[in-house]
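Here is how names work: the chains are called A, B, and so on, in the same order as the sequence lines, proteins then strands, and each is numbered from 1.
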Amino acid sequence: MAYEHQDIEAKWREQWRARGTYRVAPDPSRPKYYVLDMFPYPSGAGLHVGHPLGYIASDIVARYKRHCGFNVLHPMGYDSFGLPAEQYAIQTGQHPAKTTEENAARYRLQLDAIGFSFDWDREVRTSDPSFYKWTQWIFLQLFDSWYDAKADKARPISELLERFAIQGCSGQDASVLTGDIEQYVGGFTAAEWNAFDERTKQLVLQHFRLAYLSDAWVNWCPALGTVLANDEVKDGVSERGGHPVERKRMKQWSLRITAYAQRLLDGLDGLDWSESIKEAQRNWIGRSEGASVKFALTPNLSPEERGTRPGYLTADPEVAGKLMAHANTMRKNPAEAEDRLWQVIRGAGTGDKIRRQHIIDRFIVDFVCLPKRLVIEVDGDIHDHQKQEDAARTARLQELGFEVIRFANEEVIQDPYKVRDRIKEVLANRRNVAEDVEGSDGEWHSSPLPRRGAGGKGHSPSPSERGPGGEGTLSIEVFTTRPDTLFGVSFLTLAPEHELVGMLTTEDRRAEVEAYVEKARNRSERERQAEVDKVSGVFTGSYAKHPFTGADVPVWVGDYVLGGYGTGAVMAVPGGDQRDWRFAKHFGLPIIAVTEGADIEKEADERKDATICSEGFLKGLKVPQAITRAIEELERIGAGTGKVNFRLRDAAFGRQRYWGEPIPIYYKDDIPYPLPESALPLVLPEVDKFLPTESGEPPLARAKNWTYTPPLSPGEGPGGEGTPPSPSERGPGGEGTPLSPGEGSGVRAYPLETTTMPGWAGSSWYFLRYMDPKNAGRFAAKEAIDHWGQVDLYVGGSEHATGHLLYFRFWTKFLHDLGLVPFDEPAKKLVNQGMVQGMSMMANVLASSRNGEEHYRLLALNNKVEGAFERNYPVDHVTFRDGRYWINEEGANRTRSISAFRDYYLDAPVIELKPVVEKMSKSKYNVVNPDDIIAKYGADTLRLYEMFLGPVEQSKPWDTNGIEGTFRFLRKFWNLFYSGDGVASTHGVDRPNVSDDAPTKAELKVLHATLKKVTEDIEKMSFNTSVAQFMIAVNELGALKCGKRAVLEPLVIALAPFAPHIAEELWEKLGHSASVTTAPWPQWSAEHLVEDSFSYPISFNGKTRLQLEFPIALDPKSVEEQVLANPEVQARLEGKAPKKVIVVPKRIVNIVL
RNA sequence: GCCCGGGUGGUGGAACCGGUAGACACGAGGGACUUAAAAUCCCUUGGCCCGCAAGGGCCGUGCGGGUUCAAGUCCCGCCCCGGGCACCA
C-alpha cells in the first residue's frame, strides 16, 4: 500500500475539524504551557513559504508538550488593522473590513492545509469590535493612570487627585514626566489645587496621564493629508507620489512609555530571549549616566537692554528656558505677522514701550507693554490644539494682572495699522504701573509653582539651584556623560530647534542665525545623516558662564546636536569629544586638552581610562573618579546634578488613518475626556471615502455624527471627574463648539477624537485575549489569566525587536501595576525565526526597439553588451539542470503570459539565468507559495523540509532542491509498515503488516537513540537535527528489515509533532481509535543505549591513525598497555618509547612522540 | 563608528564541556531492476599526492599568531557577510 499523502491529509484535516481535536480548555490538574506565534497581518498576497517557518516550529513544541501531559494553549488570530487594507480601500473604494475578511479566510485555508494544531475557537482579530472594545478599555486605563515614581508603578488618577487635594504637588511627583518634550507643570499647594477650576485641573492632569496629548515632531505630507513614517520619506518628498513633506509639530496622543524605561531595561535580565533582541532593546532604551549641568546666562533681549537687569525680567527664572521654548516653537509659523506688527508698534509706534518675545512667568508672549501690563498675542493659523494652551496662558497671565488681547494672523497681515490702533486704544485705557514693575524683579519672578527636579531624583529647588549666575538668571541646561571634562568646555552648542536660540541671538546675528535654523529645521534627519562630514553651525552672539571657572563660554547653534535627545544642548569639549573637536576645528574655536597624553592637534581623546590633566580639583584623577568628583562639586555649588538619561521617547499613539481602533475620547471645550466604559466599543464609523478631509483632518472626521452625547445626569462629570469647564475659558477663535446633531433637543453632543490607534495597539495585549476570547464583561477572566499565565514560548521575527516587543512588555507591566495580571513580563522565552529568503533568477536583458515598440532580448549570461541590465525573471518558469538554471523557448512562452514579460524573447534556444538570494517579494517574481508544495508533496513533507533546512533562528534561502529527500524519508517511513506484500484489508482498513515479535537489541538501540535525540532536540528547538535523526532511524530500521510494533509505534508518536497527518494515519492503522495526539510521549531509557565496547581512535601527536576496540569498562591504564602492545602501534613507534600517552575513556587515545 | 549574530565540501547544514571534522539531506558520478519511464535499491563523492591493487601520505573549518598531548570549538590581532542603532552628548 502506497503513501497517498493527498488522501491522508484531506482525511485528517476533516477528522480534526469534526472531532475538535485541538480544542483546549483550562485543566488545573495538568501543568500549563502557552505557545504563541506572532499573529500575522492578513495581506492580500497570502502566505508565502517563509511565514510558516516559525509556526511549524512552535506547532512541534505545542504538540510535543501535549504528548508530555501539558495543558497546552496554542492559539492563532489576525493583526487585522493596518495600512495595506486601507491603501487598497483608497484605491478601489472597497471597505477594508471586506478585504480583511477575504484575506483572513484565505490565510485560514492555507494555515489549515499545513496541519497546525491551533485552537481556532480562540481566534482573535484586532479589528473585531468585541476585541478592540478592550484595546480601547486598556487605553482608558492608561488615560486614567499616572506614574508614581516613588512607588515605581502606575496608579489610578483618582489617587493622584486625593493626593493633590491633601498635599498638593511637589517636584517629586512630577519627576518622571519626561515625554517627547518637557512641558512645565510645576508644583502647587493643596489649597491652590482645590482652587483650580476644572479646566486647569484637566490641563495639569494631562502632564501625569500615561496616555496624553502632546506635541511631537512628525513628517507631515500636506498633499496626502497624513503623517508619514521615516522610511516613507525620501529626500524630503513622500515615497508614494513624491509630494513634499515637512517637519511639523502636531498634537498627538502619546503613551508615557518613558516612565517604564528603567523597568523595561531591568526586566530584560530575567528573560530567556536571544541576546541580540535584548541588546537591541537596551540600545533603544539607551540609558546613560552622567550629569545635568547648568550654564548661567544673561539673555540678550535687545541691544539697548543689555547690561541692565531690572524689571523686564518677568520670567519665572527656574523655568523660562524650558517652557517658553515650547511656545516659541509653536509660534514659529506666524513669524511674518508678528514681524509686520513689530514694525508698526516698535519704538514709539503706540506711544508706549512694547517688548517683543518676552518671557513672563512660564510663558513667552509675543508682545508686552510692561508698564501697562498688556499682553498682545498673534495667533498662528493652524494650531487648534494650541488653543487650550492659549486659554490656560491667558488665565495665568490674568492671574498675574496682565490683560491679554489677541489678534489673528490674517488680521495683522491685512492691516497691521488697524491692529496697532486697537492696541493704542486698549493701552490708553490702562493705568501705568511702571513704578511697581521697573526696579523690582521679585514680584514677577516668583511663580507659585516650584520647578520640578531636573533628574530622576526630585527635590525642591533651593536658592543655590538657581545657578551661580544668581537669582533671576536664565541658564542653559546640558546633559553630559563626561562631567569630568568640564574644564575643557570651550563653547556650548544648541540644537537648531532649541528653545533658547531665538532669545540668545543678538540682533546683529539674527538674520544669519534664523537662516541657519530655518535650513536645519527643514532638513530631515536622514538628510542630516547623509552629511555627516560637513560641519555647520553659527554663533548666536551670546555667552554663558562656566559653572566652575566663571569664564564666558560662547553659545553656538549646530545641527550636529539633536533637539530630541537630552536637553537639546551640549557642552562642547573639543579635547574629549570628536564631534566637538571637528566643530571647533572648523570654526577655529579653542581646543583645550582634558586628558594626559592626548594629541589634541590630531583628534579628541575619548579614552575612558585616561587621567584628567585640567588644572583644578580634578587634576590627576582617573576618568571614573573625576566624574564622581565633578558631580559632587556641581551639586555642592548648585550648578548641576547627577542624572540618568534615556534615549527612549514616548510612543506616538495617534494615526491620521481610518483602519485602526478609534480612540475613545471626546472633547469638551477642547479638553479630552474619556468615554465611559458603557460606551465601549466605540465602533469605527462608516465614511464616504477613506481619505483625509479637504481641511486635512483624518478620515474619521468624514463620519456623520462622529460625536458623543453623555447621558443626562446632573452634576455627574462626563469622565467621572469634575465638572465641565466654563465656556468663558475657551481661547478666542476656538472651535470648541460642539457638533450637535441633537441641538434642537437641547442635548449636547461632543466631538470625538478623529485619529485612530497605531498597529501595535492590539498586539500589545492580544496574548491575554486568547486566554478567554469570548468574554464580554472583561478583557479576560481573572481565572483564565491565572491559569494560563505568561507565554512560555513566543515565536516571531526579530524585526519586531524594538517595536511590538517593547510595547508588549510595557502594556503588561502597566496591567500588572493595576493588579490586572499577576506577572509583569508577557513572555518568558522568545525565539526569533529567521527569514526565508527567495532565490531570484536574474536574466541578462537588453532593451531594443523594433517597429517603434520596445522589446527585450534575453541574452546569454556572459554576454556583456553595453546597455544590458539584470532583471528578475519568474522563478517558477525556470528549469534547474546540471547545477545551473535555464529557460528555454517553451518556458519563455509561458512567461509571456505575464504582462510584464509580454515582449521578451530569447537570444538563444536556451538561456542561463543567474541565481541571487534576496528577500522574497512579489515584485522580484521569486515568491514560492506553500500551496504548490503541499499539492505536490503534502503538508507533512513541507513541515519536515522547512525544519530540515537548518536552525529556525537562521535566515536561509528557499530552495526546493532538497525537498525530495524529506519526501523520500516519509515514504520510507510508511514502507516500514507495509514491507513485503502488505496484509489484506480487514474491516475496511488496510492493516499494516507489523509483527508483535520482541525487538532485537539492535532495533531497540535505534529506537531509543532516536527517542533520546529527538526529545533533547525538541527541548533545544533544534529541529533540523531531529529530522536527521528520524532519517537515520528509518535508514537503519530499513536495513534491519524491522516491522515490529514495539519499535514502530513509539516512533509514530515521536514523529507526530513533525508530521501529524501521516502519524495519525499510521496510528489508526495500528489499531488505535483515539487521536495520536493523546498518546503519551515515549520515554527513552539508557539501558538500551549501553555499549559494551568502544572503538578508540588512536592518534599520534593528535592525528588519528587507527582504531582499536576495547571493552568500555577497561581502565585507562590497561587501555594504554594494550594500545602500546598493538603491533601496528609498535610499527609506528619504530622502537622508540612514546613521550606521553593520554587516554580519555570513551573518547580517544593520543600518543605523543 | 558602536552593538549583536555568523563565516565548515558543489549546496543546505552536523559536530556534547577542547577529544575520529564533514552526521543527515540535496546535487553529481557509477551500477542493479525495467521494453522504456517513474519509483526503488546499492556503490563512490573535501582537495592534492603515491600505488596495478590492498593500502598509505600531505593539506584542510575566513586570515595571521598563541595556549594545549589535542583547537571548527579557548585567547589575541585582523578580514568579510548578515542584522540592529547612530552626529545619543
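- When the side-chain nitrogen and oxygen atoms of A:Arg1105 are compared with OP1 and OP2 of B:C58, one or more of them lie within a distance under 4.0 Å.
- Of all nucleotides listed (B:A89, B:C85, B:A14), B:A89 comes nearest to the side chain of A:Phe479.
- Taking atom CG on A:Leu970 and atom P on B:U40, their separation rounds to 12 Å, with Å as the unit.
- Atom name C1', nucleotides B:C24 and B:C80: the rounded distance is 29 Å, in whole Å.
- With distances taken from any side-chain atom of A:Arg647 to the nucleotides B:A86, B:A25, B:C87, the minimum falls on B:A86.
- Taking only side-chain nitrogens and oxygens, A:Gln578 never comes nearer than 4.0 Å to OP1 or OP2 of B:G1.
- In this structure, of B:A39, B:G13, B:C88, it is B:A39 that holds the atom nearest to the side chain of A:Arg971.
- For B:G12, the OP1/OP2 oxygens have no side-chain nitrogen or oxygen of A:Lys956 closer than 4.0 Å.
- Here the C1' atom of nucleotide B:U40 and the CD atom of A:Glu964 are 13 Å apart, to the nearest Å.
- Residue-level contact check: A:Asn1035 touches the backbone only, with heavy atoms under 4.0 Å from sugar-phosphate atoms and none from bases.
- Taking atom P on both B:G65 and B:C59, the two are 15 Å apart, rounded to the nearest angstrom.
- As a whole-Å value, the separation of A:Leu648 CG from B:A86 P is 12 Å.
- The aromatic ring centroids of A:Phe1058 and A:Phe1030 lie less than 6.0 Å from each other.
- Going from atom CH2 of A:Trp284 over to atom C1' of B:G83 covers 14 Å, rounded to whole Å.
- Between A:Asp559 atom CG and B:A86 atom C1' the separation is 15 Å, expressed in whole Å.
- Using a 90° window around 0 for the glycosidic torsion, B:G10 falls outside it and is classed as anti.
- Formation of a donor-acceptor pair under 3.5 Å by the A:Asp577 side chain with backbone atoms of A:Ala604 is not found in this model.
- A side chain to side chain contact (heavy atoms under 4.5 Å, CB included) with A:Pro1097 holds for exactly one of A:Leu1108, A:Leu1106, A:Thr1104; it is A:Thr1104.
- Comparing A:Gly965 and A:Ser276 by the nucleotide of RNA chain B that holds the closest heavy atom to each, the one mapping nearer the 5' end is A:Ser276.
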Check the interface with nucleotides 18-23 of chain B: list each N/O to N/O pair with the protein under 3.5 Å, or write none.
unit_1 : atom_1 : unit_2    : atom_2 : d
B:U20  : O2     : A:Gln1107 : NE2    : 2.7
B:U20  : N3     : A:Gln1107 : NE2    : 3.4

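- Across the strands present, B:U73 finds no partner; the criterion is a Watson-Crick or G-U wobble pair with both atom distances under 3.5 angstrom.
- Each of A:Asp580 and A:Asn1101 was matched to the nucleotide of RNA chain B holding its nearest heavy atom; the match closer to the 5' end belongs to A:Asn1101.
- Distance, A:Tyr937 OH to B:A38 P: 14 Å, rounded to whole Å.
- No contact: A:Pro957 has no heavy atom under 4.0 Å from any strand.
- Not one side-chain nitrogen or oxygen of A:Arg482 sits closer than 4.0 Å to the OP1 or OP2 atom of B:C88.
- Summarising the local packing, NZ of A:Lys956 is surrounded by more than 12 heavy atoms from other residues, nucleotides or ligands at distances under 6.0 Å.
- Atom P of nucleotide B:A89 and atom CD1 of A:Ile631 are separated by 15 Å, given to the nearest angstrom.
- Within the nucleic acid shown, A:Lys1013 has no heavy atom closer than 4.0 Å to any nucleic acid atom.
- Here, B:G62 and B:C58 have their P atoms 22 Å apart, quoted to the whole Å.
- In this structure, A:Lys278 fails the cation-pi test against A:Trp273, since its NZ or CZ atom is not both closer than 6.0 Å to the six-membered ring centre and inside 45 degrees of the ring normal.
- Looking at heavy-atom distances under 4.0 Å, A:Arg287 makes no contact with the nucleic acid at all.
- Remark: B:C2 base-pairs with B:G84; criterion is Watson-Crick or G-U wobble with both hydrogen-bond distances under 3.5 Å.
- Rounded to whole Å, the separation between the C1' atoms of B:C63 and B:G6 comes to 16 Å.
- Base pairing of B:G27 is made with B:U45, judged by Watson-Crick or G-U wobble geometry with both donor-acceptor distances under 3.5 Å.
- Of the nucleotides present, none pairs with B:A89 by Watson-Crick or G-U wobble criteria with both distances under 3.5 Å.
- Under the 3.5 Å distance criterion, the side-chain polar atoms of A:His546 are matched with a main-chain donor or acceptor of A:Leu486.
- Across all strands, A:Arg968 comes closer than 4.0 Å only to sugar-phosphate atoms, never to a base (heavy-atom distances).
- At whole-Å resolution of the value, CZ in A:Arg1132 and P in B:G55 are 14 Å apart.
- A salt bridge links A:Asp605 with A:Arg607: the closest approach of a Lys/Arg side-chain nitrogen to an acidic carboxylate oxygen falls below 4.0 angstrom.
- For A:Arg282 and B:C4, the shortest distance from a side-chain N or O to OP1 or OP2 is not below 4.0 Å.
- For A:Thr480 (side chain) and A:Arg482 (main-chain N/O), a donor-acceptor pair under 3.5 Å exists by modelled atom type.
- Nucleotide B:G60 forms a pair with no other nucleotide shown, judged by Watson-Crick or G-U wobble geometry with both contacts under 3.5 Å.
- At distances below 3.5 Å, at least one donor-acceptor pair connects side-chain atoms of A:Tyr516 with backbone N or O atoms of A:Ser536.
- Rounded to whole Å, the P atom of B:C75 lies 16 Å from the corresponding atom of B:U68.
- Considering only the side chain of A:Pro951, B:G13 comes nearest among B:G13, B:G84, B:C87.
- The C1' atoms of B:G55 and B:A21 are separated by 22 Å, rounded to the nearest whole Å.
- Glycosidic conformation, B:C17: syn, with the torsion inside 90° of 0.
- Side chains of A:Thr258 and A:Asp650: a donor on one and an acceptor on the other come within 3.5 Å.
- Rounded to whole Å, the P atom of B:C69 lies 36 Å from the corresponding atom of B:G13.
- Under a 4.0 Å N-O distance rule, the pair A:Glu275/A:Arg282 qualifies as a salt bridge.
- Between the P atoms of B:G31 and B:A36, the separation comes to 14 Å (whole Å).
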